[in-house]
Structures are given as structure tokens and as C-alpha cells.
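Computed from a prediction, not measured in an experiment: that's the story for all the values here. Note that these values count all heavy atoms, side chains included, but never hydrogens, waters or copies made by symmetry.
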Amino acid sequence: MGHGGSVIEELMADHREVEEMFARIQAMTGGGQQLRDAVDEVTIELVRHSVAEEQYLYPAVREHIQGGDRLADKEIADHGRVEEILKKLENTRTDDPQMSPLLQQLMDEVAAHVQDEENNLFPMLRRDCTPGQLDDLGDKIRRAKSMAPTRPHPAAPDSPMARKLLAPGVGLVDRARDFVTGRGKS
């Protein structure tokens with residue numbers, strides 16, 4: 001969950017981790033509890049990652065990059081689509097015929113988002129932010145991920161201030177539910 005380094009290094013490490021999770025899901029031959037555990041694992045990582053980006057990365061994009069409002073709004077809209085899919089997956093049994101199409105839709109959305117961030121957004125951040133600013137953002141992202149929710153909440157407000165105020169409490173409730181149910185411990 002916490003990889004270290006600048007915001008770009010941290011988020012790219014998250015991206016590789018999610019890609020590995022997706023590869024494990026694609027390699028699975030059956031469903032059942034093994035698939036549920038893998039879907040829960042990728043959900044936890046994607047929700048934490050998204051919340052942290054919305055709290056710290058996108059406000060920095062708005063502040064430092066010319067046209068940053070448009071870029072941040074697009075990235076947040078991408079997150080909204082992913083969170084809706086995650087919510088559907090959370091409520092879908094692994095033997096449901098909709099599970100595979102939903103997983104494919106999730107993988108496609110996340111792959112497009114990752115490609116856009118790594119090919120467009122991250123180079124702009126490198127250009128327009130100092131190494132110190134990028135390191136500071138990396139620290140903030142790591143802290144935010146440690147307190148972030150672990151379940152999709154598509155109806156939650158996605159403004160940075162609302163996320164900063166609500167995420168720790170929602171995250172605490174999510175982690176308590178996870179502890180009681182054993183979710184995310186595979």
C-alpha cells in the first residue's frame with residue numbers, strides 16, 4: 001500500500017500492483033471464494049488509491065498545471081465510473097453471469113485511466129512541480145491511503161475538502177467491517 005518516493009513513483013507502483021491483481025484474476029479458472037477475495041483485494045486498492053488522488057493529487061493538478069481544472073475534472077469522472085463498477089461487483093455473486101463482463105469493464109476503465117495518467121498527467125507534474133513538491137505529495141498520498149475507505153461509496157462527495165473530512169471516518173467504519181468479516185485478509 002505504501003511504496004515510498006514521489007507521488008509519481010507511489011502512484012505508478014500502485015498501478016503495477018493493480019495490474020498484477022488483474023492478471024491473477026484473469027488467470028483464475030474458477031469463481032467462488034477465491035474470485036471474491038481477489039475482487040475484494042483489487043477493490044480495496046482502487047478505492048484507497050482513488051480517494052488519495054482526489055484528496056491531494058487533483059488539487060495539485062489544479063494548482064500547478066495549466067488547464068488543470070479540466071484535467072482534474074476528467075480524472076475524477078474516470079474515478080466515478082470505476083467506483084460505480086466496483087459497487088456493482090461488490091453486490092454481484094461470483095457465479096453470476098454479469099461477473100465476467102463487469103470485471104472486463106473494470107479492467108478496461110482502469111487501464112485507460114492508468115495510461116492517461118502515466119502518459120499525460122505525470123509528465124506534466126514532473127514539468128510543473130519541483131522534486132520537493134512531488135515528494136511532499138507522495139507523503140500525503142501515502143498517509144491518505146492508510147486512512148481511506150476500503151469499499152466503494154459512489155454517492156460520497158468527491159470534492160477534496162469533503163474527502164479529507166469524511167474519508168477517515170468512513171475508512172474506519174470500512175476497516176472495522178473488513179476486520180469482522182475477514183475481507184481483504186487473503
Side-chain angles (χ1 to χ4, degrees), residues 1-27 38-39 41-89 100-146 148-150 152-154 156-161 163-164 167:
M1 179 176 64
H3 307 286
S6 77
V7 66
I8 294 169
E9 293 165 328
E10 179 72 22
L11 297 176
M12 286 182 70
D14 284 356
H15 293 168
R16 301 297 82 78
E17 195 173 305
V18 168
E19 288 167 352
E20 289 174 17
M21 291 176 191
F22 283 156
R24 285 195 308 272
I25 288 171
Q26 288 178 311
V39 170
E41 181 184 14
V42 80
T43 298
I44 290 167
E45 182 58 32
L46 287 171
V47 169
R48 287 176 173 166
H49 179 92
S50 295
V51 167
E53 283 187 336
E54 289 172 19
Q55 285 179 346
Y56 294 104
L57 178 66
Y58 301 139
V61 167
R62 291 180 195 283
E63 179 182 345
H64 297 288
I65 296 175
Q66 185 171 5
D69 286 338
R70 179 185 49 77
L71 290 169
D73 290 345
K74 182 214 173 290
E75 301 296 330
I76 291 169
D78 290 351
H79 284 189
R81 286 190 303 280
V82 167
E83 201 158 4
E84 290 288 341
I85 298 166
L86 290 171
K87 192 63 175 174
K88 289 177 186 173
L89 282 166
S100 287
L102 282 170
L103 280 170
Q104 189 59 56
Q105 185 181 5
L106 176 67
M107 289 185 243
D108 293 346
E109 283 284 343
V110 170
H113 180 75
V114 165
Q115 183 177 1
D116 184 48
E117 278 190 345
E118 291 185 3
N119 294 335
N120 299 312
L121 189 63
F122 292 170
M124 289 182 213
L125 282 170
R126 276 191 192 98
R127 180 193 69 211
D128 295 341
C129 294
T130 67
Q133 289 169 321
L134 295 176
D135 288 344
D136 182 53
L137 277 172
D139 291 339
K140 289 176 180 175
I141 291 285
R142 281 184 287 283
R143 277 194 307 276
K145 286 193 305 183
S146 73
T150 60
H153 298 279
D158 51 11
S159 74
M161 187 54 68
R163 288 280 192 180
K164 286 177 188 172

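- Remark: Gln133 engages Thr130 in a side chain to side chain donor-acceptor pair (under 3.5 Å) (not counting sequence neighbours).
- The two residues Glu9 and Ser6 make their nearest non-hydrogen contact at OE1-N, 2.7 Å.
- Every residue meeting the side chain to side chain donor-acceptor pair (under 3.5 Å) condition with Arg81, not counting sequence neighbours, appears here in chain and number order: Asp78, Glu109.
- The CE atom of Met124 sits 12.0 Å away from atom SG of Cys129, with the distance rounded to the nearest 0.5 Å.
- Checked against side chain to side chain donor-acceptor pair (under 3.5 Å), Arg16 has the following partners two or more places apart in sequence or in another chain: Glu19, Glu118.
- Remark: Glu20 pairs with no residue by the side chain to side chain donor-acceptor pair (under 3.5 Å) rule, at least two apart or across chains.
- From Leu125, atom CG reaches atom NE2 of His64 across 8.5 Å, with rounding to the nearest 0.5 Å.
- Two residues are said to be in side-chain contact when any heavy atoms from C-beta on lie closer than 4.5 Å; Glu17 and Glu45 meet this criterion.
- What you find for Tyr56 and Leu137 is that their closest heavy atoms are O-CD2, 3.6 Å.
- Rounded to the nearest 0.5 Å, atoms CD (Glu75) and OH (Tyr58) are 4.5 Å apart.
- Side chains of Asn120 and Leu71 form no contact here, defined as non-hydrogen atoms less than 4.5 Å apart.
- Here the CG-CZ distance, from Asp128 to Arg126, works out to 12.5 Å after rounding to the nearest 0.5 Å.
- Pairs engaging residues 130-139 under the salt bridge (Lys or Arg N to Asp or Glu O under 4.0 Å) rule: Asp136-Lys140, Asp139-Arg142 [sequence neighbours left out].
- Counting only heavy atoms from C-beta outward, the side chains of Gln105 and Leu102 approach each other to under 4.5 Å.
- The shortest side-chain heavy-atom distance between Leu106 and Leu46 falls under the 4.5 Å cut-off.
- With a 4.5 Å cut-off on side-chain heavy atoms, Lys74 and Asp116 count as touching.
- Here the side chain of Ser50 pairs no donor or acceptor atom with the backbone of Val47 at under 3.5 angstrom.
- A heavy-atom distance below 4.5 Å is found between the side chains of Asp73 and Arg62.
- Taking the six-membered ring for Trp and thresholds of 30 and 60 degrees, His15 and Phe122 have nearly parallel ring planes, at less than 30 degrees apart.
- Val39 is listed as a side-chain neighbour of Thr43, based on a closest heavy-atom distance under 4.5 Å.
- For the atom pair Lys145 NZ and Asp14 CG, the distance stands at 3.0 Å (nearest 0.5 Å).
- Pairing each heavy atom of Glu117 with each of Pro123, the nearest pair is O-CD, 4.1 Å.
- Minimum interatomic distance between Ala72 and Val61 (heavy atoms only, all atoms of both residues): N-CG1, 4.3 Å.
- The distance from the CD1 atom of Ile141 to the CD atom of Gln55 is 8.0 Å, given to the nearest 0.5 Å.
- More than 12 non-hydrogen atoms from other residues, nucleotides or ligands lie less than 6.0 angstrom from CD of Gln26.
- Residue pairs meeting the ring pair (Phe, Tyr, Trp, His ring centres under 6.0 Å) criterion with at least one partner in residues 102-121, sequence neighbours excluded, are His79-His113.
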